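Remarks on the structure that follows.
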Amino acid sequence: MDIEKQIEFDQVKDMWIDLAVTEWAKEQIRGISFYLDEGELRKQLRDTTNSRALIEKLGTPPLQNLTEIKDIMMIAEKGDCLTPYQLERVQTLLAAIRRMKDYLERGKRYENPLAYYEENLDTLEELRTEISTQIRGGMVDDHASKDLFQIRRQMAKCEEEMKQKADRFMRSHKDSMADHYCTTRNGRLCVPVKKECKLKINGSVIDKSATGNTLFMEPASVAKCFEELQTLAICEENEIYRLLYTLSAMVAASSAAMNENIMMIEKLDFIFSKGKLSIDLDAVEPSINTERRINLKDARHPLMDKEINVPLQFQIGGTIRGIIITGPNTGGKTVAIKTVMLNCMMAQCGLHATCGEAEICMNNSFLCDIGDGQNIAENLSTFSSHIKNVLNVLGELNKDSLVIMDELGSGTDPTEGMGIAIAILEELRKSGALFLVTTHYPEVKEYADQAQDILNARMTFDKETFQPTYQMLLGEAGESCAFYIADRLGMPNEMLRVAIQAAYGKSAVDTYHFQQERTAIPKKEAGKLTKIKNKKGNTPYQLRNQYQRGDSVMVYPDKKVSSTHQLP
């Protein structure tokens with residue numbers, strides 16, 4: 001069973017992933033598991049605390065996605081030529097590294113240890129300057145080199161000269177022109193010539209109109225300029241490639257520093273994503289122990305609205321290894337045990353806990369049995385699936401485990417279910433693990449009272465308003481409040497009397513205080529069934545019973561005589 005999905009840690013991960021910027025950090029979050037090394041866990045928690053402190057002081061760090069830049073670095077390292085766009089991506093990253101370095105530098109004034117990661121970032125100023133001065137707007141800038149500037153200036157002069165010659169040619173051959181403007185066809189500057197005047201023009205036909213009445217011709221004088229322009233274009237292309245290869249070689253030469261920068265940005269992104277999550281959840285750094293002790297004050301389920309969530313007070317450890325929680329179905333027992341385990345797992349993954357204060361022990365496994373595990377495909381009932389999952393839990397159980405089980409022993413005969421529940425609790429107790437269990441069985445509550453290392457707890461219920469308060473009281477056993485809830489929801493008094501007498505005997509009926517008099521369940525009108533009848537009011541079944549097998553009858557509407565042997 002997927003423990004993360006069962007306790008909704010997968011949804012916390014989704015929130016966490018959304019706060020990361022780089023794909024590497026997102027992948028780390030998706031695959032993260034709880035830390036088993038105490039030193040590593042304490043470091044991760046310090047990173048979370050320090051990153052939150054920096055964000056609160058300096059704002060969100062200037063991080064950016066690095067997916068593209070990794071591919072670009074691989075191209076450069078192979079010795080291939082980078083495009084102007086790719087070089088601009090490199091320059092953008094270096095600018096972001098510069099901003100990140102400045103961000104961390106400012107953090108040093110607060111003596112934040114995380115700020116000293118700044119020393120591991122190399123801005124590669126020479127490379128950034130070279131790219132920013134030579135590449136602009138996705139192309140090589142005119143001033144990237146003196147030769148390129150001269151070539152492009154000559155190309156501009158040549159293009160202008162071509163236009164002037166074309167205009168002069170059109171004016172001198174006005175009668176042969178089909179229009180008064182020149183145009184570009186197939187990359188050549190052409191003038192529109194009437195079809196019948198083709199032989200009067202000294203030039204080459206490049207294209208013609210859809211009707212064929214107009215020919216687009218390149219005058220010979222313009223063609224000479226075009227040849228010169230083509231020679232200059234080749235020189236331009238050679239100079240551009242020279243510049244691009246030079247910059248690409250500089251990027252390749254800086255690959256070690258660039259890859260180090262990328263790794264550091266990804267690491268910082270992962271760390272800062274934890275700080276962002278802590279701020280969003282209004283969480284606190286938990287203290288960690290290895291003495292099997294959990295103490296949560298004002299604990300909240302991280303996915304519930306803080307404004308309406310009732311804080312949970314919880315404590316376990318020392319001589320108490322297990323807690324059995326009882327109370328009404330709507331009282332929040334399941335949310336309570338999920339809240340405990342979820343906060344413990346978050347803390348052991350290096351995240352802050354959604355509590356006012358939190359002391360959490362390290363666990364080597366998180367085990368649970370929650371919800372309806374009915375599986376139609378495998379023909380498993382709710383109880384069968386429940387027992388199968390419980391056996392898996394007991395198979396992985398040890399003294400350093402944290403276990404939660406919801407509605408222990410439910411889904412079968414109450415007497416047998418109660419026996420199984422106590423047997424499971426005994427196994428949990430023998431293992432030395434910390435465990436939280438919810439149940440309705442009164443015998444289980446009595447078992448907890450007699451066991452020295454198990455404590456009863458109840459979710460409180462306001463009988464005046466008939467509403468759960470979602471508060472847990474340790475050391476007290478609760479009742480399901482099923483009769484109070486059924487009464488509040490409109491069950492008739494007579495039905496309740498039968499239920500109370502069946503559960504607690506006739507004397508309990510006399511002491512029960514009914515909230516209001518209800519004699520019956522209000523009935524809703526339903527549609528009326530109408531049967532098919534013949535003219536005499538007989539049904540087809542009655543009509544058929546008037547005859548014996550072998551009688552001759554007339555069958556309508558064809559009025560054919562038939563034997564009853566043939567009747568349906």
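These numbers were taken from a predicted model, which means no experiment stands behind them. Quick note: numbers below take in every heavy atom, side chains included, and nothing from hydrogens, waters or symmetry partners.
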>> Restricting to non-hydrogen atoms, name the atom on K101 and the atom on L121 that form the minimum distance, rounded to 0.1 Å.
In response: NZ-O, 2.8 Å
> Can you check whether L54 reaches N50 side chain to side chain, under 4.5 Å on heavy atoms?
Replying inline: no
>> If you apply the rule side chain to side chain contact (heavy atoms under 4.5 Å, CB included), what do you find for R46 with K43, and how did you get there?
In response: CA-CA 5 Å; R46 284 196 302 271; K43 175 189 176 299; 3.7 Å; yes
>> Tell me if a side-chain donor or acceptor on Q91 pairs with a main-chain N or O of R128 at a distance below 3.5 Å.
In response: no
>> Within the 3.5 Å criterion, strictly below it, is a donor on T49 or E285 matched to an acceptor on the partner's side chain?
In response: yes
>> For the backbone of L268 and the side chain of D47, can you confirm whether one donor and one acceptor N or O come within less than 3.5 Å of each other?
In response: no
> Donor-acceptor pair, N343 side chain versus T339 backbone, under 3.5 Å?
Replying inline: yes
> Counting only heavy atoms not in Q11, do more than 12 fall under 6.0 Å of its CD?
Replying inline: yes
> How are the rings of F272 and Y103 set to each other: parallel, tilted or perpendicular (split at 30° and 60°)?
Replying inline: perpendicular
>> Tell me which one of L434, T290, N364 satisfies side chain to side chain contact (heavy atoms under 4.5 Å, CB included) with D400.
In response: N364
> In Å, rounded to the nearest 0.5 Å, how long is the span from CD1 of I265 to CG of N65?
Replying inline: 12.0 Å
> Is it the case that E446 and Q450 place a side-chain donor and acceptor less than 3.5 Å from each other?
Replying inline: no
> V444 versus L408: any side-chain heavy-atom pair under 4.5 Å?
Replying inline: no
>> Is any side-chain heavy atom of L312 closer than 4.5 Å to one of L296?
In response: no
> Is K333 reaching over with its side chain to a backbone N or O of T438, donor-acceptor style, under 3.5 angstrom?
Replying inline: no
> How many angstroms lie between CG in N259 and CE in M264, if you round to the nearest 0.5 Å?
Replying inline: 12.5 Å
> Quick check: does any side chain N or O of R52 sit under 3.5 Å from a backbone N or O of S278, one acting as donor and the other as acceptor?
Replying inline: yes
> Are K108 and E105 ion-paired here, with the side-chain N under 4.0 Å from a carboxylate O?
Replying inline: yes
>> Test of understanding: with side-chain contact (heavy atoms from CB on, under 4.5 Å), list the residues that count as partners of I75, not counting sequence neighbours.
In response: D80, L82, Q86
> Roughly how far, to the nearest 0.5 Å, is the CG atom of D406 from the CG atom of L436?
Replying inline: 11.0 Å
>> Does E125 have more than 12 heavy atoms from other residues, nucleotides or ligands lying within 6.0 Å of its CD?
In response: yes
>> Less than 4.5 Å apart, side chain to side chain, heavy atoms only: is that true for L425 and F435?
In response: yes
> In a check of side-chain hydrogen bond (donor to acceptor under 3.5 Å, both in side chains) between D102 and each of R106, R99, R98, which one passes?
Replying inline: R98
> Taking side chain as C-beta onward, heavy atoms only, is L93 less than 4.5 Å from N261?
Replying inline: no
> So, for L87 and I131, which heavy atoms are closest and what is the spacing to 0.1 Å?
Replying inline: O-CG2, 3.3 Å
> Looking only at heavy atoms, what is the nearest atom pair of A433 and N398, with distance?
Replying inline: CB-O, 3.3 Å
> Can you name the closest pair of heavy atoms from S255 and M73 and give their distance?
Replying inline: CA-CE, 3.6 Å
>> Whether the side chain of D122 engages the backbone of A257 through a donor-acceptor N/O pair (distance < 3.5 Å, no angle test) should be reported.
In response: no
> Would a distance-only check, ignoring hydrogens and angles, find a side-chain to backbone donor-acceptor pair under 3.5 Å from N112 to G107?
Replying inline: no
> Would you call L104 and M100 a side-chain contact if the rule is heavy atoms closer than 4.5 Å?
Replying inline: yes
>> Once rounded to the nearest 0.5 Å, what's the spacing between atom CG of L281 and atom SG of C355?
In response: 11.0 Å
> Which pair of non-hydrogen atoms, one from L367 and one from V393, has the smallest distance, and what is that distance?
Replying inline: CD1-O, 3.6 Å
> Taking D453 as the fixed residue, which of R321, R429, K430 is the one that meets the salt bridge (charged side-chain N to carboxylate O under 4.0 Å, His left out) rule?
Replying inline: R429
>> When you compare the side chain of H352 with that of V284, does any pair of heavy atoms fall below 4.5 Å?
In response: no
>> I'd like to know if the side chain of S273 and the backbone of A20 have a donor-acceptor N/O pair within less than 3.5 Å.
In response: no
> Between the main-chain N or O of I32 and the side-chain N or O of K13, is there a donor-acceptor pair closer than 3.5 Å?
Replying inline: yes
> side chain to side chain contact (heavy atoms under 4.5 Å, CB included) between Q452 and T319: does it pass, once the steps are laid out?
Replying inline: CA-CA 8 Å; Q452 294 182 348; T319 58; over 6 Å; no
>> So, taking the atom named NZ in K70 and the one named CD1 in I262, what distance separates them when rounded to the nearest 0.5 Å?
In response: 7.0 Å
>> Just so I know, are the side chains of L66 and E23 near enough to count as touching, which here means a heavy-atom distance under 4.5 Å?
In response: no
>> Pair K267, M263 - check side chain to side chain contact (heavy atoms under 4.5 Å, CB included), show working.
In response: CA-CA 6 Å; K267 182 176 181 179; M263 290 173 59; over 6 Å; no
>> Return the OG to CD distance between S431 and E396, rounded to the nearest 0.5 Å.
In response: 12.5 Å
> With distance as the sole test, does N363 use its side chain to make a donor-acceptor pair with the main-chain N or O of F366 at under 3.5 Å?
Replying inline: no
>> Is it the case that atom CD in E111 sees more than 12 heavy atoms from other parts of the structure closer than 6.0 Å?
In response: no
>> Assess the residue pair T92 and R89 against the criterion (side chain to side chain contact (heavy atoms under 4.5 Å, CB included)); give the C-alpha distance rounded to whole Å, side-chain angles, the decisive distance to 0.1 Å, and a yes or no.
In response: CA-CA 5 Å; T92 301; R89 295 303 93 202; 3.9 Å; yes
> How far apart are the closest heavy atoms of D269 and A25, and which atoms are they?
Replying inline: OD2-CB, 3.2 Å
